[in-house]
Amino acid sequence: MTYKEFLQKGGEQKWQDKWLEEGIDRAEDFGEKPKKYVLDMFPYPSGAGLHVGHPEGYTATDIYSRYFRLKGFNVLHPMGWDAFGLPAENYAIKTGTQPSITTAENVATFKRQIQSLGFSYDWDREINTTDPKYYKWTQWIFLQLFKKGLAYEATVPINWCPSCKTGLSNEEVKDGKCDRCSAAVEKKDLRQWMLKITAYADRLLSGLDGLDWPESIKSQQRNWIGRSEGAEVDFKIAGSKETIKVYTTRPDTLFGATYMVLSPEHKLIQELKDRIENWKEVNNYVVQSKNKSDLERTDLNKEKTGVELKGVKAINPVNGKEIPIWLSDYVLSGYGTGAIMAVPAHDTRDWEFAKKKQIPIEYVIIPNQFYYPDVNGNSIILSCPDDCDKILEKVKEVNEGSGFCFTEIDSGIMVNSDFLDGLVPEEAIKKMTAWLEEKGVGKKAINYKLRDWVFSRQRYWGEPIPLVHCDKCGIVPLDEKNLPLTLPKVEKYEPTGTGESPLALIEDWVNTTCPKCGGPAKRETNTMPQWAGSSWYWLRYIDPNNDKEFADPKKLKYWLPVDLYLGGAEHAVLHLLYARFWNMFLFDIKAVPFEEPFTKLVNQGLILGEDGEKMSKSRGNVVNPDDIVKEFGADTFRMYEMFMGPLEDMKPWSTKNILGIHRFLGKVWEIVMKHGTHSIEQNANAELEILLNKTIKKVGEDIESMSFNTAISQMMMLANAMQEAKVFPADYFEKLLIILSPFAPHMTEQLWRKLGHMESICKEQWPTYDPEKIIDAEIELPVQVNGKVRARLKLPADVEEAVATRAALDDSQVQKYVMTEPKKIFYVKGKMISIVV
RNA sequence: GCGCGGAUGGCGGAACUGGCAGACGCGACGGACUUAAAAUCCGUUGGGCAUAGCCCGUGCGGGUUCGAUUCCCGCUCCGCGCACCA
């Protein structure tokens with residue numbers, strides 16, 4: 001049988017069925033072997049089916065899992081479906097088909113496609129987030145959060161997508177647009193369920209240090225959490241008891257604060273209404289800001305606008321000076337205190353605003369040194385402290401002319417700042433903070449950009465929130481015994497747009513009794529966001545059928561944490577942040593044994609279309625894995641995706657290049673088929689033996705470091721050499737097949753049986769290499785003269801320095817360049833000789 | 001603007017900790033087999049020249065070093081993320 005015939009006769013499918021039947025891929029709880037938990041980010045089963053990007057990651061983890069099984073590990077490698085979400089619901093709106101039906105169909109398609117690639121998932125552990133048996137526990141976790149005060153109801157201005165007709169979390173807004181549909185996001189006051197992720201800000205930040213994750217993801221999470229240190233300062237309002245509290249990272253510049261700015265949403269504005277002389281103007285600005293979209297408000301190119309609160313002044317606590325109070329939307333209500341002290345001399349935004357509104361500018365930091373050319377072009381240097389006044393003058397000159405000169409925190413020197421004069425900013429910050437605390441007008445403060453997680457959605461296809469609203473008892477959680485609260489079937493999936501989900505229309509579902517007092521009550525009609533089910537799913541694989549608890553603690557202890565987690569980088573501040581948050585919470589309530597869920601994270605790079613552009617239906621450059629499998633087989637497909645380049649890199653698809661891999665597999669097939677059934681020469685071919693040992697070593701190391709492309713090229717070299725050698729010991733085939741089997745499981749299984757084995761190749765052991773036999777007996781030693789290679793000498797690998805240098809100097813090519821006595825000779829053992837003349 | 005990556009032949013990419021740049025594959029060219037084609041196999045393939053040899057060459061300009069794709073300084077371009085966060 002040729003390789004082609006094997007594929008045509010459905011040979012791959014045959015082995016897939018057999019593996020499934022024999023349960024080769026099943027993980028054994030509490031097994032004796034060391035455990036390895038290898039996890040893929042589970043897919044959203046869309047109607048479009050699998051695209052080539054999905055199997056890239058799945059192949060990588062499959063090779064990794066198969067390798068570790070051969071190495072004697074008990075590997076948990078599961079798969080499931082993250083199936084709640086808008087597409088199924090939007091499809092239901094269009095066609096009236098229930099989301100549960102479309103979801104089931106899509107799952108079936110995805111499963112068939114994934115299985116056709118021979119991935120070794122333990123299908124006994126398959127999960128689906130839309131299964132009531134699963135979301136029972138999603139609801140249970142929500143109730144625990146509620147009971148600990150980490151889930152709370154609030155009516156706050158949130159991001160609202162007018163097209164999806166639902167609220168969004170901050171993480172779901174990109175560039176002021178909805179992450180899903182790209183519609184411009186609006187602000188809307190809505191009653192929401194919020195999760196207090198901010199309570200975990202510090203731990204989410206510090207925990208990153210210990211994780212083996214890509215630096216880019218860690219830094220994205222750090223930026224998103226956005227911790228900063230500074231001070232809170234109270235500014236009194238002249239002739240009033242009111243104060244304005246501000247947050248600043250630069251308390252050292254307080255003497256330079258010449259005005260204040262409140263965000264348009266600031267509470268004080270309404271409270272000061274009676275004293276504001278230009279109320280109409282002020283109120284207009286507030287209303288205008290409210291009607292602007294986020295996109296408009298955060299546009300950096302727009303001119304800064306603002307209105308002064310006439311008739312009200314603030315007092316700078318450090319010098320008692322009265323300063324004006326302005327209102328502007330360049331100050332965000334959601335960060336810090338929603339108010340700032342403005343230091344136009346040392347902040348670009350304040351500078352811009354002050355210039356426009358002609359507010360005085362007061363310099364309090366100047367550079368230590370200042371260079372400028374005099375009329376003759378000679379360089380003049382001014383240095384502090386002698387020339388401070390002159391430097392200040394020059395800085396002003398430069399700033400008034402060309403623009404803004406910001407002084408860095410670690411350079412420069414304080415001026416015009418009373419007790420801070422002469423200090424460097426870093427010291428000035430400490431001194432000022434201490435002064436503020438002493439006077440009771442401020443204190444050290446830490447701020448985060450991270451906001452609480454808007455957790456409710458006004459849509460149908462999500463987990464119902466298991467709470468009821470009772471007039472007498474308030475908000476009452478369902479009894480845990482009564483979970484799951486199942487999602488009822490509805491007639492109309494259309495979002496209401498009123499801030500209520502379609503569930504609100506089902507009266508006999510909404511109207512219920514209070515679990516506490518038994519009186520009439522109404523159910524919460526918001527549903528949970530897409531991210532709920534994926535925030536804990538890796539825990540459910542461990543015990544997917546348990547109906548007493550989300551997983552047996554003993555099993556959790558055995559399997560956790562996840563050793564390798566692989567998926568796309570797009571979830572950096574969404575799923576990966578939420579998942580860490582939930583896991584930390586579950587750790588705190590002693591429901592899981594580890595604080596951080598994913599020890600090692602790897603992001604696979606995007607696969608681009610053949611034209612180098614992102615694959616998309618509209619561009620028509622989408623590759624369907626089914627077509628490739630049909631033409632070349634699953635093994636070729638898997639290996640091609642791994643051979644394309646480094647896993648983490650973005651790389652273009654090339655159907656042409658698949659041929660190279662297909663030829664390689666055909667070559668291996670031929671080598672084994674031609675020789676495999678005959679008796680083989682037992683005399684070792686020394687060179688081939690070394691290559692085989694090197695290959696075993698390199699392929700193993702490369703799999704562990706996920707460098708699959710180089711592992712494959714090494715195996716290609718071995719196959720080429722075996723083809724050329726024609727005759728060699730029989731166990732060479734076996735070793736080659738075993739190390740190739742994680743990559744190309746089907747054809748290696750077929751050939752393995754052909755060699756007479758009754759058991760699956762999956763049950764074999766990874767071959768060991770002989771460390772003595774990975775060193776070439778003879779090497780080519782390059783000889784450099786003055787840095788240029790002039791000769792290559794064939795010498796024994798373990799050649800002594802004296803012998804090697806002698807040989808180099810005796811070489812006729814070398815002698816041409818070495819006329820005089822060499823100044824110096826470098827010998828790097830086994831690498832090269834470098835002669836300097 | 002800030003943060004994180006990256007730039008190597010016609011193409012995808014290799015190169016350990018500073019030690020032969022271009023592994024492996026694609027494509028191209030030449031040859032074998034064939035009536036022919038496909039498939040397969042063999043050979044050549046960074047550029048240049050005065051071609052047994054020499055010179056140039058890893059985005060650009062400098063530096064350190066016997067020796068730099070690798071380290072340092074200064075740029076350019078590209079990708080990704082965040083972005084009025086005080």
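Here is the naming used below: chain letters follow the sequence lines, and residue numbers restart at 1 for every chain.
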Distance test, side-chain N/O of [X] to OP1/OP2 of [N], below 4.0 Å:
| X | N | result |
| --- | --- | --- |
| A:Arg663 | B:rG25 | no |
| A:Lys788 | B:rC55 | no |
| A:Gln714 | B:rA23 | no |
| A:Tyr330 | B:rA86 | no |
| A:Thr348 | B:rC84 | no |
| A:Asn447 | B:rA86 | no |

What I'd like to find out is whether the side chain of A:Asp179 reaches to under 4.5 Å of the side chain of A:Leu574, using heavy atoms alone.
yes
[X]: ring-ring contact (aromatic ring centres under 6.0 Å, His included) partners, not counting sequence neighbours:
| X | value |
| --- | --- |
| A:Tyr448 | none |
| A:Phe708 | none |
| A:Tyr3 | A:His662, A:Trp669 |

Scan [X] against the nucleic acid and name what it touches under 4.0 Å (heavy atoms): base, sugar-phosphate only, or nothing.
| X | value |
| --- | --- |
| A:Pro646 | sugar-phosphate |
| A:Lys698 | nothing |
| A:Asn720 | sugar-phosphate |
| A:Lys218 | nothing |
| A:Met832 | base |

Side chain to side chain contact (heavy atoms under 4.5 Å, CB included) involving A:Thr805 - partner list, sequence neighbours excluded
A:Glu801, A:Ile825, A:Ile833
Residues that A:Ser206 engages under side chain to side chain contact (heavy atoms under 4.5 Å, CB included), provided they are two or more places apart:
none
Roughly how far apart, to the nearest Å, are [N] and [M] at atom [atom1]?
| N | M | atom1 | answer |
| --- | --- | --- | --- |
| B:rC60 | B:rC78 | C1' | 15 Å |
| B:rU58 | B:rG22 | P | 14 Å |
| B:rU69 | B:rG57 | P | 10 Å |
| B:rC72 | B:rU64 | P | 16 Å |

Taking N and O atoms by type only, does the side chain of A:Lys656 place a donor or acceptor under 3.5 Å from a partner on the base of B:rC11?
no
Can you give me every donor-acceptor pair (side chain of residues 783-790 of chain A, partner residue at least two apart or in another chain, under 3.5 Å) with its distance?
unit_1	atom_1	unit_2	atom_2	d
A:Asn786	OD1	A:Val837	N	3.1
A:Arg790	NH1	A:Tyr817	OH	3.3

If you assign each of A:Val331 and A:Glu171 to its closest nucleotide in RNA chain B, which residue comes earlier from the 5' end?
A:Glu171
On RNA chain B, more 5' by nearest nucleotide between A:Lys449 and A:Lys651 is A:Lys651
Select one nucleotide: of [options], the one nearest the side-chain heavy atoms of [X].
| X | options | answer |
| --- | --- | --- |
| A:Gln220 | B:rG81, B:rG5, B:rG19 | B:rG81 |
| A:Phe643 | B:rA86, B:rC26, B:rC24 | B:rC24 |
| A:Lys831 | B:rC24, B:rC16, B:rG12 | B:rC16 |
| A:Lys304 | B:rC20, B:rA83, B:rC84 | B:rC84 |
| A:Leu332 | B:rC84, B:rA14, B:rG5 | B:rC84 |
| A:Ser216 | B:rG25, B:rC4, B:rC82 | B:rC4 |
| A:Met650 | B:rG79, B:rG3, B:rG19 | B:rG79 |

What pairs with [X] under salt bridge (Lys or Arg N to Asp or Glu O under 4.0 Å), at least two apart in sequence or on another chain?
| X | answer |
| --- | --- |
| A:Lys267 | none |
| A:Arg792 | none |
| A:Asp329 | A:Lys292, A:Lys302 |

In which stems does RNA chain B show up, taking only runs of three or more Watson-Crick or G-U wobble pairs whose two distances fall under 3.5 Å?
B:1-7 with B:76-82, B:10-12 with B:24-26, B:27-32 with B:40-45, B:46-49 with B:53-56, B:59-63 with B:71-75
Kindly give the atom pairs (protein nitrogen or oxygen, nucleotide nitrogen or oxygen) under 3.5 Å for nucleotides 61-67 of chain B.
unit_1	atom_1	unit_2	atom_2	d
B:rC66	O2	A:Ser834	OG	2.7

Short heteroatom pairs, N/O only, protein and nucleotides 43-54 of chain B, under 3.5 Å:
unit_1	atom_1	unit_2	atom_2	d
B:rC54	OP1	A:Tyr817	OH	3.0

Aromatic A:Trp653 / basic A:Lys651 pairing, under 6.0 angstrom, 45° off normal:
no
Round to the nearest Å and state the distance from A:Leu576 atom CG to B:rC4 atom P.
19 Å
Could you check whether the rings of A:His346 and A:Tyr363 sit parallel, tilted or perpendicular, using 30° and 60° as the cut-offs?
perpendicular
Could you go step by step and tell me if A:Phe353 and A:Tyr330 meet the ring-ring contact (aromatic ring centres under 6.0 Å, His included) rule?
CA-CA 9 Å; A:Phe353 191 76; A:Tyr330 86 88; 5.2 Å; yes
